[in-house]
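Quick note on labels: first sequence line is chain A, next is B, and so on, each numbered from 1.
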Number of protein chains: 2
Amino acid sequence: MKSEKVTNEDAAAFRRRYDDACAAAHALDLVGERWALLVMRELMTGPKRFSDLRAGLPGISANVLTQRLEGLEAVGVVERRTLPPPASTRVYALTPWGLEAEPIFQALGRWAVRSPLHDPTAPFSTASFVLSLRTMFAATRAAGRSGRVGFRVGRESYLAVIGPDGLDLQPAEDLATADVVLTGEARSLAAAIYGGQPWAELERAGAVTITGDRGVADWLATLFPLPPKVEAG
Amino acid sequence: MKSEKVTNEDAAAFRRRYDDACAAAHALDLVGERWALLVMRELMTGPKRFSDLRAGLPGISANVLTQRLEGLEAVGVVERRTLPPPASTRVYALTPWGLEAEPIFQALGRWAVRSPLHDPTAPFSTASFVLSLRTMFAATRAAGRSGRVGFRVGRESYLAVIGPDGLDLQPAEDLATADVVLTGEARSLAAAIYGGQPWAELERAGAVTITGDRGVADWLATLFPLPPKVEAG
DNA sequence: CTGTATCCGTGTTGATACTG
DNA sequence: CAGTATCAACACGGATACAG
């Protein structure tokens, strides 16, 4: 019934657009709907299935996720893929242009992390954690030293390569080349990296497992400083 | 009547918040509602009155603008001020932290300007124009040369100082120190600076008036390159 | 003249239940 | 697992009336 009356997808995607030539306003036409940017955030670290997206987006309902994926696909930000057999699963991925939206998340995150109302105890998806590391890395703190840190969060794993060119943090199946591998929930890893909680404490609590060079883990926890909070309103 | 039932402003501002520790998600809790970021955009170039905001936001209704201003004030992004007599007008201004949100607009704008669906013929507010110049300035194109360009758009005026430190573009009442002053609608100025339309053509059409060194105006129009469009979906 | 509050039609959002 | 259908609540936007 809906598809009978709508002549093209653009009309559906732009039901309520801003009438504004400003490119930032256009960005909000494209990805300003509720949940749209968070769907993109989940896809920034790689293709995901429908249910993986739901898992990383606490509170989204299935129909809204469907609508957002359709809308993002219509404007060229997301594409559907079907994995080759034997998986044959349908996944959603960002297009190359969608991938270029990462600076938007960095700007939003850097700004909002100063908010006095920010609640860091809420659910924290793996994609958020990975993006936050890429956002908050302070190259000046690394001071020429280099290292390789593996992360295992849930079923996903990532490798962070810190060197003279900064931080390169990407999904990686093989963490054998890492100096140290940190295993745990995103929230626990964040507690050490952002909250200053000692690794040993998290290990005792069973929240984190460290394999390899603990010195590198301690060093890592000094590389992601948070800016000071704004005075509460 | 509203304030009788609502215990605090946070409840009103967060009726529909994401349950997510990600700072970018929190940013959307703060400023992700429809119109909120565009209200901030209008305030990025300085305090404005209610009716000025409406003028720069085609399509917003008075009650929605009131709601957004209340919400942004509640979270510490906007503050009300009353100008000293004899003006005694109430204006809205960004707080220092609100002003720090400019990188968000730059990231959004830089990303969306590549969109094949972007319509540059829509209304273009003065604030958008000024922000777009700050966003798109390419320091490498200036190549060591310096200059001072005044802009008069409607009743507002701005001074752009281009030098070794890049571009500094701020509101300024006195444009006497400018090498050249460009007067016209934002859209006309953008046609030359972004669209490559010759100044002379715009002058003949009565859309732009140039006072001073035309060579500086021509040079200016080379300093704001737009990235290539993405292939249409 | 500058905002603010209220009513109301319309469309979007989100929870539950359900189907391929 | 991957979505669709239905429905209630609420947000948006227009008009209008009101307050400083």
Side-chain angles (χ1 to χ4, degrees), chain A residues 1-6 11-20 28-29 31-39 42 47-73 78 80-83 86-93 155, chain B residues 1-6 11-20 28-29 31-39 42-43 47-74 78 80-83 85-93:
Chain A
M1 173 168 150
K2 181 188 287 181
S3 52
E4 296 169 9
K5 311 216 73 174
V6 175
F14 285 153
R15 284 156 312 210
R16 218 146 69 176
R17 63 193 291 178
Y18 299 109
D19 181 25
D20 200 309
L28 298 173
D29 283 334
V31 300
E33 282 179 308
R34 188 165 165 76
W35 292 110
L37 275 167
L38 296 190
V39 171
E42 289 300 303
K48 289 210 164 36
R49 290 180 307 176
F50 194 88
S51 50
D52 294 331
L53 290 170
R54 288 197 74 176
L57 297 170
I60 198 172
S61 55
N63 55 0
V64 171
L65 178 54
T66 300
Q67 289 170 24
R68 288 302 163 276
L69 288 169
E70 285 171 353
L72 291 172
E73 188 181 10
V78 160
R80 289 165 194 246
R81 296 182 193 158
T82 302
L83 295 183
S88 298
T89 316
R90 179 175 295 180
V91 297
Y92 298 88
R155 305 184 315 278
Chain B
M1 175 169 151
K2 180 188 287 182
S3 52
E4 295 168 9
K5 311 216 73 174
V6 177
F14 285 152
R15 279 162 313 218
R16 229 188 234 175
R17 63 193 291 180
Y18 300 109
D19 180 26
D20 200 310
L28 298 174
D29 282 335
V31 300
E33 280 180 309
R34 188 166 164 76
W35 292 110
L37 275 167
L38 295 191
V39 170
E42 289 300 303
L43 295 176
K48 289 210 165 36
R49 291 179 305 177
F50 193 87
S51 51
D52 294 330
L53 290 170
R54 288 198 75 176
L57 298 170
I60 198 172
S61 56
N63 53 5
V64 172
L65 178 53
T66 300
Q67 288 170 24
R68 288 304 163 273
L69 288 169
E70 284 172 353
L72 292 171
E73 188 181 9
V78 160
R80 290 163 193 248
R81 295 182 193 158
T82 302
L83 294 182
S88 299
T89 316
R90 178 177 296 180
V91 296
Y92 298 87

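- Closest to the B:V64 side chain, of the nucleotides D:dG13, C:dT2, D:dG3, is D:dG13.
- Counting to the nearest Å, the P atom of D:dA2 and the CD1 atom of A:I60 are 14 Å from each other.
- For B:W35, the side-chain atoms get nearest to D:dG13 when compared with the rest of D:dC12, D:dG13, C:dT4.
- For A:Y18, the ring pair (Phe, Tyr, Trp, His ring centres under 6.0 Å) criterion is met by B:W35, not counting sequence neighbours.
- Going from atom CZ of A:R81 over to atom P of D:dA2 covers 16 Å, rounded to whole Å.
- Ranking D:dA2, C:dT2, C:dT4 by closeness to the A:R49 side chain, first place goes to D:dA2.
- Across all strands shown, A:R80 has heavy atoms under 4.0 Å from sugar-phosphate atoms exclusively, and none from any base.
- Between B:R54 atom CZ and C:dG3 atom C1' the separation is 10 Å, expressed in whole Å.
- Rounded to an integer number of Å, the gap from CG of A:L65 to P of D:dA5 is 16 Å.
- Of the listed nucleotides (C:dT2, C:dT13, D:dT4), D:dT4 has the atom at the smallest distance from the side chain of A:A62.
- The CG atom of B:L53 sits 6.0 Å away from atom CG of B:L69, with the distance rounded to the nearest 0.5 Å.
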Could you walk me through whether B:R54 and B:R49 satisfy the side chain to side chain contact (heavy atoms under 4.5 Å, CB included) test, starting with their C-alpha distance in whole Å, then the side-chain angles of each, then the deciding distance to 0.1 Å, before giving a yes or no?
CA-CA 9 Å; B:R54 288 198 75 176; B:R49 291 179 305 177; over 6 Å; no
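- Spacing between atom NZ of A:K48 and atom C1' of D:dA2 amounts to 17 Å, rounded to whole angstrom units.
- Note: CD (A:E70) to C1' (D:dA2) measures 12 Å, nearest angstrom.
- Remark: A:S51 is in phosphate contact with D:dA2, judged by side-chain N or O atoms under 4.0 Å from OP1 or OP2.
- Distances from the side chain of A:N63 to the nucleotides D:dG13, D:dA5, C:dG3 place D:dA5 closest.
- In plain terms, the two heavy atoms of A:P58 and A:G56 that are nearest each other are CD-O, 3.3 Å.
- For B:T66, counting side-chain heavy atoms from C-beta on, the closest listed nucleotide (D:dC12, C:dT2, C:dA5) is C:dA5.
- Taking only side-chain atoms of A:R34, from C-beta outward, the nucleotide of C:dG3, C:dG14, D:dC12 with the closest atom is C:dG14.
- Taking every side-chain heavy atom of B:Y92 into account, C:dT4 is the closest of D:dG13, D:dG3, C:dT4.
- The side chain of A:E33 lies closest to C:dT13 when the candidates are C:dT4, D:dT4, C:dT13.
- Between A:Q67 atom CD and C:dG14 atom P there is a gap of 9 Å when expressed in whole angstrom units.
- Residues B:A36 and B:V31 share a closest heavy-atom pair of CB-O, 3.6 Å.
- In terms of position on DNA chain D, the residue among A:T89 and A:Y18 whose nearest nucleotide sits closer to the 5' end is A:T89.
- The two residues A:R68 and A:R34 have their closest heavy-atom pair at NE-O, 2.7 Å.
- Residue B:R68 places at least one side-chain N or O closer than 4.0 Å to OP1 or OP2 of D:dC12.
- What separates CZ of A:F50 from P of C:dG20 is a distance of 17 Å, to the nearest Å.
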